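Just so you know, these numbers use all the heavy atoms, side chains as well, and skip hydrogens, waters and symmetry mates. Per chain, numbering begins at 1; letters A, B, ... match sequence-line order. A quick note: this is a predicted structure, and the numbers were derived from the prediction, not measured.
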Number of protein chains: 2
Amino acid sequence: MAHQTMPTIDQMLCFAVYATGHAFTRFYKPRLDALDLTYPQYLVFLVLWEQDDVTVKALGERLFLDSGTITPLIKRLEARGLVTRRRDEDDERQVRIRLTKEGRDLKARAFSIPLAVIEGTGLTQDGAGAMREELLALRARLDAALSAQDK
Amino acid sequence: MAHQTMPTIDQMLCFAVYATGHAFTRFYKPRLDALDLTYPQYLVFLVLWEQDDVTVKALGERLFLDSGTITPLIKRLEARGLVTRRRDEDDERQVRIRLTKEGRDLKARAFSIPLAVIEGTGLTQDGAGAMREELLALRARLDAALSAQDK
DNA sequence: CACAATTCAATTGTGCGCAATATAAGTTTG
DNA sequence: CAAACTTATATTGCGCACAATTGAATTGTG
């Protein structure tokens, strides 16, 4: 058996994904600052704008997050008057999250934020150039890693 | 101008990348637990195994992290005797990170960890099936978003 | 050379992200 | 129907991640 060599970090697909995630967060930051939302908070609103009145569990399954992350996040939004939390009347284990008027109104100010929507607007926005480069690089790496498997 | 609609979270490429990053962390977790390393700590070692004796700044540029993240992370590794931190003699602003023998020895135990190496081993490991599905889905979404731009 | 500007790392504070645990509500079973 | 089990959320503790600030070392400039 040949002497093993460790891949460099730039050859690791996991790192490419990790770094692209950071790049997205940086890209969205100035836009989200205008709404005073963090990126995970924005994801919560994307879910709520699509379907209001969801349980913590449903939210967690949608976002792949657990209650240890969601509960304090939602409480911060509640403290700002953007959502309400109330126990379900029929099953008091569940907590249902609902948008307030302020939370609904935020939607109108968020239309200009999404970048790189699948089958949607693409990457046509201002300042998307660097992000596009990043995504092209990620696709190339993804292809390289997935095709290595196919052989 | 038509009435605007907000994309669903599943149509957002940023979320696909974000979720895939989480999936990678979960995938690596049991393997890294065996070395008692977190994923970001593992990334630091990948850099150090490739090039020992690097400054905090160089490490940060490689990993896209700042000193607020790296300094405490390195201090934890130092407390465990895996690395040393020493001011550069010629430029005392810089702190150079070096592997100890224990840190170097960890490398031998880490060969089996990497998954999805670009132009490398592919996705052939045990338990990689779910990860492969995840990555194929990400590629499809990446293609859809990038081609929307090309039109 | 003095002093302003820059660079590097560390610190502080806030917000994820998750494992482990706790608690209460609901469900199943003998 | 009571005990065992399961489910849903909350809490605690630890480790990132990053903005803002600080402090020390170095560099640039008149």
Side-chain angles (χ1 to χ4, degrees), chain A residues 14-15 18-30 32-33 35-45 54-80 82-83 85-97, chain B residues 14-15 18-30 32-33 35-45 54-80 83-97:
Chain A
C14 59
F15 180 67
Y18 171 87
T20 303
H22 288 177
F24 261 124
T25 301
R26 278 193 299 275
F27 179 82
Y28 279 118
K29 179 143 204 326
L32 292 175
D33 280 348
L35 304 186
D36 200 19
L37 292 181
T38 65
Y39 179 69
Q41 288 168 357
Y42 171 60
L43 294 181
V44 166
F45 276 108
V54 297
T55 64
V56 169
K57 179 176 170 59
L59 205 47
E61 286 174 348
R62 199 78 195 276
L63 301 177
F64 305 109
L65 298 173
D66 73 3
S67 69
T69 301
I70 291 179
T71 297
L73 185 157
I74 295 292
K75 284 187 170 180
R76 279 186 285 271
L77 298 179
E78 184 187 30
R80 289 170 53 190
L82 299 173
V83 304
R85 298 182 330 122
R86 226 180 70 193
R87 293 275 165 187
D88 186 295
E89 296 199 347
D90 297 333
D91 183 345
E92 297 228 336
R93 290 172 306 179
Q94 300 181 57
V95 170
R96 307 196 72 89
I97 314 300
Chain B
C14 60
F15 180 67
Y18 171 87
T20 303
H22 288 178
F24 262 124
T25 302
R26 279 192 299 275
F27 179 83
Y28 279 119
K29 178 144 206 324
L32 292 175
D33 279 349
L35 304 185
D36 201 18
L37 292 181
T38 65
Y39 180 69
Q41 288 169 357
Y42 171 59
L43 294 181
V44 166
F45 276 108
V54 296
T55 64
V56 169
K57 179 177 170 58
L59 206 46
E61 286 174 348
R62 200 74 194 277
L63 301 178
F64 306 108
L65 297 173
D66 73 2
S67 68
T69 300
I70 292 179
T71 296
L73 186 158
I74 295 292
K75 284 186 171 179
R76 280 186 284 273
L77 298 180
E78 184 187 30
R80 289 170 54 191
V83 303
T84 61
R85 298 182 328 122
R86 227 180 69 194
R87 292 274 165 189
D88 186 296
E89 295 199 348
D90 296 334
D91 184 344
E92 297 229 336
R93 288 173 306 181
Q94 300 182 56
V95 168
R96 308 197 72 87
I97 314 299

Given D:dT9, C:dC16, C:dA25, identify the nucleotide with an atom nearest to the side chain of A:Gln41. C:dC16
Just compare C:dC16, C:dT11, D:dT9 and give me whichever is closest to any side-chain atom of B:Lys75. C:dT11
Whole Å only: how far is the CG atom of B:Asp88 from the C1' atom of C:dA9? 13 Å
Measure from the side chain of A:Lys29, starting at C-beta and using heavy atoms only, and say which of C:dG15, D:dA19, C:dA25 lies closest. D:dA19
Selection: residues 58-69 of chain B, any non-hydrogen atom under 4.0 Å of DNA chain C: B:Ser67, B:Gly68
Whole-Å distance between D:dG15 P and B:Tyr28 OH? 22 Å
Roughly how many Å is it from CZ in A:Arg76 to P in D:dA10, rounded to a whole number? 13 Å
Compare all side-chain heavy atoms of A:Val54 with those of A:Arg62 and state whether any distance is below 4.5 angstrom. no
Mind checking the CZ-CZ spacing from A:Arg96 to A:Arg85? Nearest 0.5 Å is all I need. 14.0 Å
Side chain of A:Arg93, base of D:dT7: donor and acceptor closer than 3.5 Å? yes
In whole angstrom, give the distance that lies between atom CZ of A:Arg96 and atom P of D:dA8. 12 Å
Ignoring the backbone of B:Leu73, work out which of D:dT9, D:dC16, D:dC18 is nearest its side chain. D:dC16
When rounded to whole Å, the CD1 to C1' distance for the pair A:Ile70 and C:dC18 reads 12 Å
Regarding B:Asp33, tell me which of base, sugar-phosphate or nothing describes its non-hydrogen contacts under 4.0 Å with the strands shown. nothing
Regarding the side chain of B:Glu92, the nearest nucleotide among D:dG15, D:dA10, D:dT26 is D:dT26
In Å, rounded to the nearest 0.5 Å, how long is the span from CG of B:Leu35 to CD of B:Gln41? 10.5 Å
So do the side chains of B:Thr55 and B:Asp88 get within less than 4.5 Å of each other, counting heavy atoms only? no
When B:Tyr39, B:Phe64, B:Tyr18, B:Phe24 are each screened for ring-ring contact (aromatic ring centres under 6.0 Å, His included) with A:Tyr18, the one that passes is B:Tyr39
Atom-pair distance (CG on A:Asp91; C1' on C:dT27), nearest Å: 10 Å
Can you tell me how far CG of A:Leu59 sits from CD1 of A:Ile74, rounded to the nearest 0.5 angstrom? 5.5 Å
Specify the separation, in whole Å, of atom CD1 of A:Ile97 and atom P of D:dA10. 7 Å
Please tell me which of the listed nucleotides, D:dT11, C:dA9, C:dG17, lies nearest to the side chain of A:Thr71? D:dT11
Within the 4.0 Å heavy-atom criterion, would you say A:Thr55 contacts the bases, only the backbone, or no part of the nucleic acid? sugar-phosphate
B:Lys57 NZ to B:Ile70 CD1 distance, which is reported to the nearest 0.5 Å: 10.5 Å
G-U wobble or Watson-Crick pairing nucleotide for C:dT7 (cut-off 3.5 Å, both distances): D:dA24
What is the distance, to the nearest angstrom, from the CD1 atom on B:Ile74 to the C1' atom on D:dA17? 15 Å
Between A:Tyr18 and A:Pro72, which has a closest nucleotide on DNA chain D that is more 5'? A:Pro72
When you compare the side chain of B:Leu77 with that of B:Val44, does any pair of heavy atoms fall below 4.5 Å? yes
Side chain of A:Lys57, heavy atoms from C-beta onward: which of D:dT26, C:dG15, D:dA8 has the nearest atom to it? D:dA8
